[in-house]
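So that the names make sense, note that chain A is the first sequence line, chain B the second, and so on, each numbered from 1. Fair warning: this is a prediction, and the values are worked out from it, not measured in the lab.
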Amino acid sequence: MDNLIPVLVAVPLLGAALLLCGGRRLDRVGHLLGTFLAFASFGVGLALFFSMLGRSVDQRPIHDHLFTWIPVNGFQAEVGFQLDQLSMTFVLLITGVGSLIHLYSIGYMAHDEKRRRFFGYLNLFLAAMLLLVLADNYLLLYVGWEGVGLASYLLIGFWQHKPSAATAAKKAFLVNRVGDVGLSIAVMLMFTTFGTFAFTPVFADASKATQATQATLTGIGLMLLLAACGKSAQVPLQSWLGDAMEGPTPVSALIHAATMVTAGVYLITRSSAIFNQAPTAQLATVVVGAVTLLFGAIVGCAKDDIKKALAGSTMSQIGYMVLAAGLGPIGYVFAIMHLVTHGFFKAGLFLGAGSVMHGMNDEVDMRKYGGLAKYMKWTTVTFGLGYLAIIGVPPFSGFYTKDKIIEAAFGHGGTEGWILGTCAVIGAAVTAFYMTRVMLMTFFGEKRWADDADGHQPHPHESPKIMVIPMVLLAVGSVAGGFLFNWNDSFVRWLSPVTGVAEGNPPLNPTVIQILTGVVLVLGVAVAWMMYGRRPVPATPPLGSLLTRAARRDLLQDDFNHVVLVSGGSHLTRFLVYLEGKGLDGLVNGIAALVGGTSGRVRKIQNGYVRSYALSMFGGALVLAVTTLLMRAVA
Amino acid sequence: MTGMTLAAAIPPIPAPHIEYLQLSPMLAVFGAALVGILAEAFVPRRHRYATQIGIALAGLAASFGLILYLALDGYAGSKADLAAMGAVAVDGPSLFLQGVITLVAVVAVLQFAERRLEPRSSTGAPVDSFAPEGAAVPGSDAEKRAATSGHATTEVYPLTMFAVGGMLLFPAASDLLTMFVALEVFSLPLYLLCALARRRRLLSQEAAVKYFLLGAFSSAFFLFGLALVYGYAGSVQLGQIARVVEGQATVTPALANTTGNDALLLIGLAMLGVGLLFKVGAVPFHMWTPDVYQGAPTPVTGFMAAATKVAAFGALLRLLYVAFPGIAWDWRPVLWGVAILTMVAGAIIAVTQTDVKRLLAYSSVAHAGFILTGVIALDRAGLGAVLFYLAAYSFVTLGAFAVVTLVRDADGEATHLSRWAGLGRRSPLLAAVFALFLLAFAGIPLTSGFTGKFAVFQAAAGSGATALVIVGVLSSAVAAFFYIRVIVLMFFSDPRADGPTVAVPSALTGTAIALGAVVTVALGVAPEYFLHLANQASLFVR
């Protein structure tokens with residue numbers, strides 16, 4: 001049973017290999033094969049899950065050492081898997097939600113001529129992500145990490161005939177490289193400090209940290225955080241996420257719900273033993289989380305593109321998780337819990353958005369939607385359930401998981417706790433506002449439909465069953481997930497043996513916090529209703545306030561990157577080119593000219609006459625004798 | 001009656017005790033040389049070629065076998081001792097270098113025997129690269145007659161055997177007189193061999209005369225130095241000189257006036273140094289190398305460049321490590337200067353060379369400088385490194401000159417570099433092999449050149465000569481320029497329409513080139529065994 005772990009990774013990897021190398025022969029069945037293998041992997045995951053449930057708590061984590069990858073004296077790189085409750089959770093989320101997205105894609109990509117390749121990439125994505133969460137050491141994790149980066153690049157740029165898609169893929173890849181550098185530095189630091197990459201010894205050594213290694217641990221923690229920022233689109237490495245919407249919508253669902261952005265949260269939670277010993281790194285983590293949750297929420301408010309509004313929301317929700325993970329043992333469990341429920345409702349929301357686009361000639365501008373509830377009933381209901389879950393209406397899943405994070409933020413204690421808690425509450429209010437806005441602009445109000453570029457009128461219709469079924473299943477998860485996880489603290493008891501758990505110390509009564517959150521939720525919804533429900537939505541966006549305009553431009557993230565990094569970088573490059581041309585080249589050419597010139601002059605001594613050769617020998621002998629004598633005289 | 005008193009006054013001279021077994025490698029080669037002379041006199045002309053090659057190879061094989069036997073029997077280690085009344089040292093370095101020299105000589109004899117490159121004579125007899133009749137005046141009727149009748153100078157094989165014998169003795173010589181005799185024994189045949197080119201005979205003869213004159217000049221220095229050192233130490237035996245230098249031994253009262261006079265010692269050492277530095281081709285005693293390398297028949301150049309360097313460095317090592325370590329403070333700074341000058345001048349002058357053979361000559365000068373850095377280390381690491389370097393370098397050199405013999409046009413070898421443009425397009429294999437040798441000269445990793453250079457620089461740095469290593473590395477960088485320039489020329493220029501053709505050699509030259517390439521790669525990829533061997537051999541007996 002336990003040696004099924006490699007099969008988990010191997011099955012989708014095999015799918016990727018078959019679909020990408022199989023050629024045209026597989027065009028007709030490729031999508032079915034890919035989806036089947038994703039579900040097969042999910043099945044294996046379920047089997048392992050039940051096998052794990054059957055064991056007592058301390059017997060649950062299992063290891064499977066496959067082979068030694070690089071056997072060098074003093075440098076052992078192993079390929080081994082570790083399946084504990086944390087990785088199990090991720091395995092089920094990745095394969096479960098991933099499989100549903102595969103299923104949905106059968107409908108969504110039905111008419112795409114590169115469908116087989118698309119499913120190959122999807123399988124590759126699953127395999128890389130599974131490798132990431134199953135690795136039992138950081139080096140193998142790094143392999144999965146890079147695999148995820150590659151797969152996301154391929155999928156975001158899937159429609160590479162569109163320059164915007166190609167650019168977006170490149171942007172995602174480059175920004176992720178920055179994070180990857182962080183991870184590689186962290187791994188190297190880890191090796192020099194602990195002499196190994198494997199989780200178990202590293203964490204054992206980290207937890208009995210001395211004063212001397214404290215600084216190193218802080219360094220490792222900060223580098224891991226940098227890595228997490230890259231993959232999880234946290235400030236300051238958030239800029240790729242919005243552009244990544246250029247990929248097909250199932251890709252967005254996959255990236256935002258089941259894979260990729262969750263990798264950062266996984267990394268931090270997995271490295272809890274390191275972060276627990278590095279308070280500075282934890283502080284940095286909560287700051288990043290709090291800033292990002294507000295940043296994403298504000299961006300989400302101003303976007304008219306339905307997918308970009310959802311992307312802002314993802315950024316914000318992942319911000320909650322990073323915040324929770326940065327809080328230490330009082331937050332880890334809730335970070336992962338929110339991650340799982342978010343996986344359900346965000347996948348549902350994206351699939352819903354895709355369904356809307358499917359019916360509206362791929363239009364993404366919400367100002368050109370309106371009144372779609374009548375035409376797309378299933379989509380409206382499933383999207384609506386996801387909406388209720390994300391804004392945290394009781395008893396939908398977001399209510400349970402987000403509230404826990406807000407409580408934990410207050411529970412951090414002291415001024416920091418107040419600041420973090422307040423940020424989280426404000427974030428909840430803004431979330432309620434922008435999600436209500438999306439809901440109202442898309443499904444309610446009067447029709448603002450417009451012809452597409454080719455002059456076709458939109459004929460909104462419900463999507464085929466194969467797309468609706470995954471949406472329904474995900475909606476079920478969005479509705480029930482939080483309640484089930486909270487039932488009898490089941491999720492906390494499940495995960496705490498891995499991450500540890502601690503009681504926070506909130507300055508307010510939890511009930512007060514819940515009421516407060518409920519009040520701001522109603523407030524957010526009400527404001528949105530006033531602005532977009534009661535008044536007609538203009539088809540062209542009004543100028544808006546300074547903040548709105550900034551938020552439309554993603555709070556000037558690209559302008560900032562352009563001014564500071566791009567033009568700064570190109571100025572540096574120009575300076576270095578100048579230096580290279582005038583300085584180094586001059587030096588090099590000068591030396592070459594000097595050598596050549598000297599050579600040309602010196603070779604004239606070689607004139608062919610024996611008499612001058614003999615003279616030079618005589619002179620040499622004289623010099624040799626005199627200097628030998630001089631050496632004695634000097635000494 | 002007078003005889004009676006004389007006999008009483010002078011103690012009887014003891015019969016010298018000769019250890020024939022220890023000397024047998026040299027005796028085998030000298031024996032082959034003498035048999036070769038007899039063959040030259042008695043064997044009919046048409047059978048001489050095969051007979052001479054047979055004799056030479058048999059002699060060399062026997063010699064190599066005996067060297068192996070001696071080495072395996074412990075004469076490189078525990079049984080190492082002086083032989084022939086202290087005149088010859090049979091020890092690790094001797095046997096190692098003798099082994100290298102015999103192998104080099106085998107490869108050289110194979111190249112000497114190559115007869116497929118030159119067009120056949122009018123009688124249809126295949127000819128080699130040596131003059132049909134050495135004594136005939138160039139361009140004379142006698143020469144033409146000899147050429148048309150397909151004569152060959154088969155004397156080159158006995159001459160080579162004499163040279164090899166001298167070279168075997170040179171690094172083993174344990175007293176200065178033996179060393180001088182060995183020097184002359186191997187030099188004189190080389191002068192003759194240099195004069196025997198079939199093509200461009202005037203250039204060849206000019207080179208030989210220059211080599212002879214300057215060689216005689218340097219031998220005079222050596223002899224003068226020998227006399228001065230004898231004046232200081234009262235002995236020509238290296239071990240005895242060392243003991244006197246270190247104050248452990250007293251000298252004969254008859255020489256009381258001169259012994260202990262440091263000026264004699266220092267000037268004597270400098271003069272001995274001139275003689276040996278001339279043979280290794282160190283600046284400023286290198287002037288003969290380009291002219292002689294260019295003028296001599298190319299197989300001879302290859303032999304000379306490889307074997308002479310091995311033998312001469314062997315002798316230099318023995319002289320400095322056995323006789324004069326006690327005054328290292330005096331000679332080391334001077335040798336520093338010579339090494340730096342040699343590396344820098346060799347590398348810089350090579351940059352503007354336009355002839356392949358002259359380029360390789362200057363490259364050999366630069367390499368002499370690199371080897372000197374290892375000599376200066378004056379410890380076991382330095383000795384082992386130099387031994388390894390010599391073995392590695394000699395095979396690269398042989399291979400490189402063997403390739404030069406193959407690139408030909410109507411006038412014989414096309415040695416001007418411009419003629420080599422685009423060679424890589426037309427003969428990729430040959431150009432690739434030559435590129436391998438050039439990379440080895442430049443000291444690029446995975447070739448023997450890198451390992452050797454690394455070893456000598458490491459030894460030099462280990463003995464504190466960091467500055468020397470820095471100069472060495474910088475010179476290597478300059479040297480890399482002209483080696484790689486040739487590679488670029490061969491592979492990245494367009495071939496010329498009237499370019500040279502690449503002759504298809506017989507198995508003889510083919511074997512020589514292949515052996516050079518195999519050793520170059522083997523000593524670069526898996527040098528451990530040979531480094532170990534060189535280090536094990538690196539102990540002189542005194």
Side-chain angles (χ1 to χ4, degrees), chain A residues 68-77 188 576-577 579-635, chain B residues 206 209-214 216-218 220-221 224-225 228 262-263 265-275 277-278 282-291 327 329-338 341 344-345 347-354 358 361-362 474 477-478 481-482:
Chain A
T68 302
W69 177 18
I70 307 173
V72 180
N73 191 17
F75 181 96
Q76 297 286 322
M188 289 186 249
L576 289 177
V577 167
L579 213 64
E580 208 259 335
K582 297 285 169 181
L584 289 178
D585 271 7
L587 195 68
V588 169
N589 293 338
I591 290 175
L594 185 72
V595 168
T598 316
S599 179
R601 244 162 268 139
V602 173
R603 68 182 289 198
K604 293 201 180 102
I605 299 173
Q606 188 85 22
N607 55 10
Y609 292 117
V610 177
R611 56 172 186 268
S612 37
Y613 295 180
L615 184 66
S616 100
M617 277 177 65
F618 182 74
L622 206 62
V623 171
L624 227 58
V626 169
T627 44
T628 314
L629 284 173
L630 268 181
M631 283 306 137
R632 178 59 64 89
V634 171
Chain B
E206 181 191 331
V209 171
K210 278 180 184 169
Y211 193 17
F212 170 66
L213 285 174
L214 295 172
F217 194 43
S218 82
F221 274 109
F224 189 31
L228 290 176
D262 278 356
L265 172 68
L266 296 175
I267 298 176
L269 174 56
M271 297 297 116
L272 290 174
V274 171
L277 290 173
F278 172 83
V283 178
F285 315 106
H286 69 290
M287 310 280 266
W288 62 276
T289 28
D291 292 11
I327 51 166
W329 283 107
D330 296 303
W331 58 259
R332 245 180 161 171
V334 181
L335 214 53
W336 262 65
V338 173
L341 208 59
V344 172
I348 287 186
I349 302 177
V351 166
T352 43
Q353 296 305 313
T354 51
R358 287 185 86 84
Y362 280 109
L474 292 178
V478 174
F481 164 75
F482 57 78

Could you tell me which residues satisfy ring-ring contact (aromatic ring centres under 6.0 Å, His included) with B:F217, sequence neighbours excluded, listed by chain and number?
-> B:F221
Out of curiosity, B:I327 CD1 to A:M631 CE, how far, rounded to the nearest 0.5 Å?
-> 13.0 Å
Which atom names give the shortest non-hydrogen contact between A:G620 and B:P284, and what distance separates them?
-> CA-CG, 3.6 Å
Portion of B:L269 that has a non-hydrogen atom of chain A nearer than 4.5 angstrom = neither
Does any heavy atom of chain A fall under 4.5 Å from the side chain of B:L213, the backbone, both, or neither of them?
-> side chain
Spacing of CG belonging to A:L624 relative to CG belonging to B:L266, to within rounding of 0.5 Å | 11.5 Å
Side chain, backbone, both or neither: which part of B:V478 has an atom under 4.5 Å from a heavy atom of chain A?
-> side chain
Which of B:W288, B:F285, B:F278 touches chain A most, by non-hydrogen pairs under 4.5 Å = B:F285
Between the main-chain N or O of B:I348 and the side-chain N or O of A:S599, is there a donor-acceptor pair closer than 3.5 Å?
-> yes
Side chain to side chain donor-acceptor pair (under 3.5 Å): pairs with one or both residues in residues 609-625 of chain A, sequence neighbours excluded = A:Q606-A:Y613, A:N607-A:S612, A:Y613-B:D291
What is the minimum heavy-atom distance between B:S218 and A:M617, and which atoms define it?
-> CB-CE, 3.7 Å
Identify the residues of residues 581-598 of chain A whose heavy atoms come closer than 4.5 Å to a heavy atom of chain B, ordered by number, or report 'none'.
-> A:V595, A:G596, A:T598
So which of B:P290, B:G337, B:A347 has the largest heavy-atom pair count under 4.5 angstrom toward chain A?
-> B:P290
Taking all atoms of both residues into account, what is the closest heavy-atom pair of B:M271 and A:A625, and its distance?
-> CE-CB, 3.9 Å
Listed partners of B:L341 passing side chain to side chain contact (heavy atoms under 4.5 Å, CB included), at least two apart = B:V283
Heavy-atom distance under 4.5 Å to chain A: side chain of B:F481, backbone, both or neither?
-> neither
